[in-house]
Amino acid sequence: MSLTLAIVGRPNVGKSTLFNRLVGKRLALVDDQPGVTRDLREGEARLGDLRFTVIDTAGLEEATDDSLQGRMRRLTERAVEMADVALFVIDARVGVSPADEVFADILRRKGGTVLLAANKAEGRAAEAGLLEAYALGLGEPLALSAEHGEGMAELAGMLRPLI
Ligand code: GDP
Ligand code: MG
């Protein structure tokens with residue numbers, strides 16, 4: 001059995017940066033397939049010795065304010081339904097925003113396995129946000145820097161028992 005991980009969270013927290021780090025150039029193969037929508041990107045992830053499928057929820061960035069709530073809810077629900085595990089990403093430099101709370105609610109309602117990651121955690125500017133993340137009640141946040149590749153071994157450690 002292989003694991004499917006959905007990367008979810010509000011726009012601009014670094015989901016696609018993490019997706020790209022996990023999938024790299026192998027995404028090109030997936031993009032060529034028909035029926036792959038712009039809103040959910042799927043790729044084959046490599047993380048150390050782990051291999052799994054990863055889904056990036058994109059397309060929220062272009063939504064108008066009006067449609068954002070409904071759209072992000074539908075997209076996130078779809079991604080979570082397709083996945084075995086949801087990786088909920090927040091921005092450690094911002095802390096927990098109202099939009100993050102909306103996502104946390106969606107994930108709690110959906111049930112299933114949720115891992116919490118506080119991205120952009122490189123440097124001291126992230127310390128307060130990382131602490132705030134505990135208040136989401138989704139367990140211990142994983143400090144990540146998708147851009148700088150920090151926390152990847154810890155992410156692998158969280159995923160390994162689930163694969
Ligand atoms: P998405 O909307 O959640 O997919 O976010 P993106 O992956 O498009 O990233 C949004 C912005 O955050 C971009 O400017 C990224 O370069 C930046 N970013 C992503 N990961 C990190 C990180 O680990 N640290 C910092 N400082 N910036 C990051
Ligand atoms: Mg994105």
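Counting starts at 1 for both ligands and their atoms, following the listed order.
Residue Ser16 counts as close to the Mg ion (ligand 2), with an N, O or S atom under 2.8 Å.
Between Gly14 and ligand 1, a contact under 3.5 Å exists for at least one N or O pair. The shortest N/O to N/O separation between His148 and ligand 1 does not fall below 3.5 Å. Below 3.5 Å of separation, one finds no N or O of Pro11 facing any N or O of ligand 1. Close N/O approach between Leu144 and ligand 1 is not found [any backbone or side-chain N/O within under 3.5 Å].
Here Asp56 has no heavy atoms under 4.0 Å from ligand 1, in either its backbone or its side chain.
Checked by atom type and distance alone, the side chain of Lys15 pairs as donor or acceptor with a backbone atom of Gly9 at under 3.5 Å.
Contact of the Phe52 side chain with the Leu47 side chain is registered, since non-hydrogen atoms from C-beta on lie closer than 4.5 Å. Side-chain contact between Met158 and Val85: absent, with no pair of heavy atoms (C-beta onward) separated by less than 4.5 Å. Residues Leu136 and Glu101 have side chains in contact (heavy-atom distance under 4.5 Å, counting atoms from C-beta outward). Looking only at side-chain heavy atoms (C-beta outward), Val80 and Leu107 come within less than 4.5 Å of each other.
Interface atoms of ligand 1 facing Lys15, defined by a heavy-atom separation under 4.0 Å, are 1 (P), 2 (O), 3 (O), 4 (O), 5 (O), 7 (O). Close contacts between ligand 1 and Asn12 involve ligand atoms 1 (P), 2 (O), 3 (O), 5 (O), 10 (C), 11 (C) [criterion: under 4.0 Å to a heavy atom].
When Ala118, Ser145, Gly151 are ranked by how near their heavy atoms come to atom 23 (O) of ligand 1, first place goes to Ser145. Taking all heavy atoms of Glu147, Glu150, Arg21 into account, the minimum distance to atom 22 (C) of ligand 1 is reached by Glu147.
Side-chain contact check for Ser97 and Asp100: at least one donor-acceptor pair (N or O, by modelled atom type) lies under 3.5 Å.
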